[in-house]
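Below, chain A is the first sequence line, B the second, and so on; all start at residue 1. Atoms considered below: every heavy atom in the structure, side chains included; atoms not considered: hydrogens, waters and symmetry mates. This is a predicted model, so every value here is computed, not measured.
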2 protein chains.
Amino acid sequence: MEQPGEIKKVSMAVIKRLPKYYKYLGELMRKNVERVSSQELSKILGFTASQIRQDLNNFGEFGQQGYGYNVSQLYTEIAKILGITTNHKMVVIGAGNLGQALANYTGFSIHGFDIIGIFDKNPNLVGRKINDIPIYPVEDMEYFINKNNVDIAVLTVPRDETESIVNRLTNTAIRGIWNFTPVEINIEDRDIVVENVHLIDSLLTLSYRINESWLQERLLKQKRKDKPFGHGKNTTYMVK
Amino acid sequence: MEQPGEIKKVSMAVIKRLPKYYKYLGELMRKNVERVSSQELSKILGFTASQIRQDLNNFGEFGQQGYGYNVSQLYTEIAKILGITTNHKMVVIGAGNLGQALANYTGFSIHGFDIIGIFDKNPNLVGRKINDIPIYPVEDMEYFINKNNVDIAVLTVPRDETESIVNRLTNTAIRGIWNFTPVEINIEDRDIVVENVHLIDSLLTLSYRINESWLQERLLKQKRKDKPFGHGKNTTYMVK
DNA sequence: ATATTTATGTTAAATTAATCACAAACGGGG
DNA sequence: CCCCGTTTGTGATTAATTTAACATAAATAT
Ligand SMILES: NC(=O)c1ccc[n+]([C@@H]2O[C@H](COP(=O)([O-])OP(=O)(O)OC[C@H]3O[C@@H](n4cnc5c(N)ncnc54)[C@H](O)[C@@H]3O)[C@@H](O)[C@H]2O)c1
Ligand SMILES: NC(=O)c1ccc[n+]([C@@H]2O[C@H](COP(=O)([O-])OP(=O)(O)OC[C@H]3O[C@@H](n4cnc5c(N)ncnc54)[C@H](O)[C@@H]3O)[C@@H](O)[C@H]2O)c1
């Protein structure tokens with residue numbers, strides 16, 4: 001039952017499109033474009049103009065009839081929606097291949113995401129710096145996060161270390177976990193948001209699509225033969 | 001109009017779930033579990049049993065009434081669907097932070113994705129090896145891909161190099177591009193599949209969700225005041 | 001000023017995806 | 001061999017998302 005003043009929850013589909021709007025509006029700003037219509041946005045972004053208008057109207061009325069949207073105003077509004085008007089503090093947990101690559105990347109700080117510490121359990125790494133960011137012993141993780149009001153933990157530890165680290169994170173003031181491990185994290189009680197990257201899934205999806213045309217042929221044949229994969233009577237699976 | 005023998009196109013939502021099924025069935029196999037019902041899968045995966053059955057029925061009838069699914073058979077079928085019954089050859093283009101991290105990762109070859117070459121334009125990197133994989137000059141990229149039947153190009157070059165590399169890739173026999181650059185790639189003519197990782201989008205989505213409760217409050221206030229973001233008469237955006 | 005054009009916000013329709021519900025098929029036990 | 005409990009595959013239903021339509025307001029041209 002919807003309460004009178006209640007806000008309809010914004011769907012994940014919409015949320016996933018917001019970064020695209022944000023990114024492209026940034027480009028337009030850099031080109032000193034002042035106004036843009038949903039139609040023009042549609043051209044580049046590939047979404048329909050109608051969808052763009054509806055997406056934006058989840059958050060407010062940012063446009064004007066007969067004019068369109070003011071690029072820099074809309075950009076600012078979306079930045080507010082995405083919560084990037086203030087900087088975010090991040091820590092990387094696991095200073096391995098991926099953790100170091102992420103720490104070295106400058107693209108995050110451009111959007112206000114600053115990595116202020118790296119944690120590892122390997123004493124040979126502790127004390128070193130990556131891109132001027134110190135590597136600390138993982139024992140200090142909780143203290144550091146709470147002390148420095150860290151918002152986001154970037155998780156790049158090995159598979160089997162994930163659960164233990166996540167448990168420890170739930171006892172901190174962390175707000176979000178950006179998870180690069182293949183582990184499906186589920187946190188019950190706390191209000192910590194988890195965003196999974198799951199690169200393997202992404203690669204498997206690519207593989208599926210490469211394979212798709214072959215697969216379709218196979219499915220067609222199957223359909224013609226009606227049930228080549230069906231199981232005859234007395235099919236025995238169990239090896240007793 | 002649907003042709004008689006035509007196959008209904010499988011939706012992206014379904015495809016995105018396939019790797020989850022695959023991953024979890026792999027786990028069950030390792031535990032020597034022989035059979036599993038859609039209900040049991042549902043428990044762990046979080047999708048409804050009904051959805052799981054419907055997803056799988058896009059590709060065939062793999063289960064048996066009163067029994068469920070044979071774990072290893074279903075695993076094999078999904079592997080076929082994902083196109084990972086044969087190995088895939090990959091090359092990494094751009095031996096920087098991310099390219100090196102990916103090349104060092106062993107998790108891909110487990111699923112049959114083998115990185116057989118790395119390409120870079122930096123002569124200081126060419127000739128070195130990462131995880132036993134040689135770094136070649138990027139000039140040799142096209143020849144190498146065609147010669148070695150490379151399926152997938154992993155794109156980890158800087159933003160501004162992306163377009164030129166993608167153009168060059170369209171002149172090869174490559175089947176898929178796994179794109180880690182922030183650039184939105186669109187290839188018109190050719191049958192090359194692009195899978196974008198877009199880490200920044202993922203991070204911004206995380207930020208949105210961290211910010212969400214604050215945003216909802218703001219939207220509520222806005223709704224009560226009716227139109228705090230509306231535009232008064234004679235609002236002038238254009239700075240003539 | 002006034003008319004014309006443009007392009008929004010919003011409601012309605014269409015499409016797509018998820019869930020429900022159940023007949024039919026199979027395994028296992030007596 | 002037959003019955004009982006289980007669980008699939010699938011058509012029907014419901015929910016979610018996307019697209020279309022349009023009244024309305026602002027901008028621009030005349
Ligand atoms: N490298 C990639 O390209 C890639 C791709 C996909 C997924 N991943 C996933 O990302 C994670 C990291 O991958 P990687 O290649 O960087 O691995 P890695 O082995 O290079 O790095 C892991 C780092 O974590 C540290 N570590 C181990 N246990 C720890 C703990 N309890 N606390 C703090 N630090 C700890 C190790 O000392 C090491 O430095 C893995 O879960 C992997 O599956 C990596
Ligand atoms: N590192 C990250 O964590 C991260 C995160 C998100 C996105 N990205 C994106 O991934 C890409 C790579 O990032 P990075 O941090 O590894 O950058 P990087 O600068 O460390 O590496 C880029 C590499 O590409 C090579 N290169 C440049 N032009 C080339 C060309 N024409 N052909 C072949 N090689 C070429 C460079 O010599 C360098 O070795 C960038 O587009 C970046 O935006 C990186």
Side-chain angles (χ1 to χ4, degrees), chain A residues 2 8-18 34-43 45-71 73-74 77 219 222-223 226-227 229-240, chain B residues 1-2 8-18 34-43 45-71 73-74 77 219 222-223 226-240:
Chain A
E2 197 171 317
K8 163 173 104 283
K9 194 154 184 337
V10 178
S11 80
M12 202 34 110
V14 175
I15 297 167
K16 289 266 183 64
R17 282 189 291 269
L18 292 175
E34 272 179 17
R35 56 185 269 185
V36 67
S37 68
S38 57
Q39 189 111 107
E40 292 168 291
L41 285 170
S42 168
K43 277 262 180 49
L45 294 170
F47 319 135
T48 64
S50 187
Q51 181 167 60
I52 293 168
R53 293 201 300 278
Q54 229 174 30
D55 281 357
L56 296 176
N57 275 75
N58 280 291
F59 304 102
E61 299 174 351
F62 307 128
Q64 207 161 72
Q65 280 125 326
Y67 175 88
Y69 300 89
N70 177 275
V71 171
Q73 191 212 357
L74 186 55
E77 287 297 341
L219 284 173
Q222 179 180 335
K223 210 155 209 177
D226 221 2
K227 286 198 179 189
F229 293 90
H231 311 290
K233 201 154 193 181
N234 297 323
T235 310
T236 303
Y237 284 125
M238 309 226 26
V239 184
K240 287 247 187 70
Chain B
M1 202 64 64
E2 197 169 319
K8 167 172 101 284
K9 195 157 183 332
V10 177
S11 80
M12 201 35 109
V14 175
I15 297 167
K16 288 267 183 63
R17 283 190 291 267
L18 292 175
E34 272 179 15
R35 55 187 269 186
V36 68
S37 68
S38 57
Q39 188 111 106
E40 292 169 290
L41 285 171
S42 168
K43 278 262 179 52
L45 293 170
F47 318 136
T48 64
S50 186
Q51 181 167 58
I52 293 168
R53 292 202 300 276
Q54 236 181 19
D55 281 357
L56 296 176
N57 275 77
N58 280 291
F59 304 102
E61 299 174 350
F62 307 128
Q64 208 160 73
Q65 279 119 327
Y67 175 88
Y69 299 88
N70 177 275
V71 170
Q73 191 213 355
L74 185 55
E77 287 296 341
L219 285 173
Q222 178 179 336
K223 210 155 210 178
D226 221 1
K227 287 197 178 189
F229 293 90
H231 311 290
K233 203 158 191 177
N234 297 324
T235 309
T236 303
Y237 285 123
M238 307 224 33
V239 184
K240 286 244 186 73

Enter the distance from [X]:[atom1] to [Y]:[atom2] here, rounded to the nearest 0.5 Å.
X: A/Ser38; Y: A/Gln51; atom1: OG; atom2: CD; result: 11.5 Å
X: B/Glu34; Y: B/Gln73; atom1: CD; atom2: CD; result: 12.5 Å
X: A/Asn58; Y: A/Arg53; atom1: CG; atom2: CZ; result: 14.0 Å

Atom [atom1] of [X] and atom [atom2] of [N]: how far apart are they, to the nearest Å?
X: B/Glu40; N: D/dT7; atom1: CD; atom2: P; value: 7 Å
X: B/Gln51; N: C/dA21; atom1: CD; atom2: P; value: 16 Å
X: B/Gln73; N: D/dT8; atom1: CD; atom2: P; value: 13 Å
X: B/Tyr69; N: C/dC26; atom1: OH; atom2: C1'; value: 14 Å
X: B/Asp55; N: D/dT10; atom1: CG; atom2: P; value: 14 Å
X: B/Asn58; N: C/dA18; atom1: CG; atom2: P; value: 11 Å
X: A/Lys9; N: D/dA15; atom1: NZ; atom2: P; value: 18 Å
X: A/Leu45; N: D/dT19; atom1: CG; atom2: C1'; value: 17 Å

Exercise. So does A/Ser50 reach the base of D/dA20 with its side chain, donor to acceptor, closer than 3.5 Å?
Worked result: yes
For this session: Would you state whether a donor and an acceptor, one from the side chain of A/Glu61 and one from the base of C/dT8, lie under 3.5 Å apart?
Result: no
For this session: Remember a base hit wins even if backbone is also touched, and classify A/Gln39 as base, sugar-phosphate or nothing at under 4.0 Å, heavy atoms.
Result: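 A/Gln39: no heavy atom of the nucleic acid under 4.0 Å.
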Quick check on [N]: is either OP1 or OP2 less than 4.0 Å from any side-chain nitrogen or oxygen of [X]?
X: B/Ser11; N: C/dA17; answer: yes
X: B/Ser38; N: D/dT8; answer: yes
X: A/Asn57; N: C/dT10; answer: yes
X: B/Gln64; N: D/dT7; answer: no

For this session: Report the residue (A/Thr48 or B/Leu56) whose heavy-atom-nearest nucleotide on DNA chain D is the more 5′ of the two.
Result: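 By nearest-heavy-atom nucleotide position, the 5'-most residue is B/Leu56.
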Exercise. Taking for each residue the nucleotide of DNA chain D with the nearest heavy atom, is it A/Arg53 or A/Val14 whose nucleotide lies nearer the 5' end?
Worked result: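 The residue whose closest nucleotide sits nearer the 5' end is A/Val14.
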Exercise. Sub-3.5 Å donor-acceptor pair from the side chain of A/Ser37 to the main-chain atoms of A/Gly68, do we have one?
Worked result: no
Exercise. Is the side chain of B/Arg35 donor-acceptor paired with the backbone N or O of B/Val71 at a distance under 3.5 Å, no angle test?
Worked result: no
Can you find a heavy atom in the side chain of [X] that is under 4.5 Å from one in the side chain of [Y]?
X: A/Asp55; Y: A/Val10; result: no
X: A/Phe47; Y: A/Leu41; result: no
X: B/Phe59; Y: B/Val14; result: yes

Set out, line by line, the N/O atom pairs under 3.5 Å between protein and nucleotides 3-6 of chain D.
residue	atom	partner	partner atom	Å
D/dT6	O2	B/Gly66	N	3.4

For this session: Measure from the side-chain heavy atoms of A/Gln54 and tell me the nearest of D/dA20, D/dA12, C/dT8.
Result: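 Comparing D/dA20, D/dA12, C/dT8 against the side chain of A/Gln54, the answer is D/dA20.
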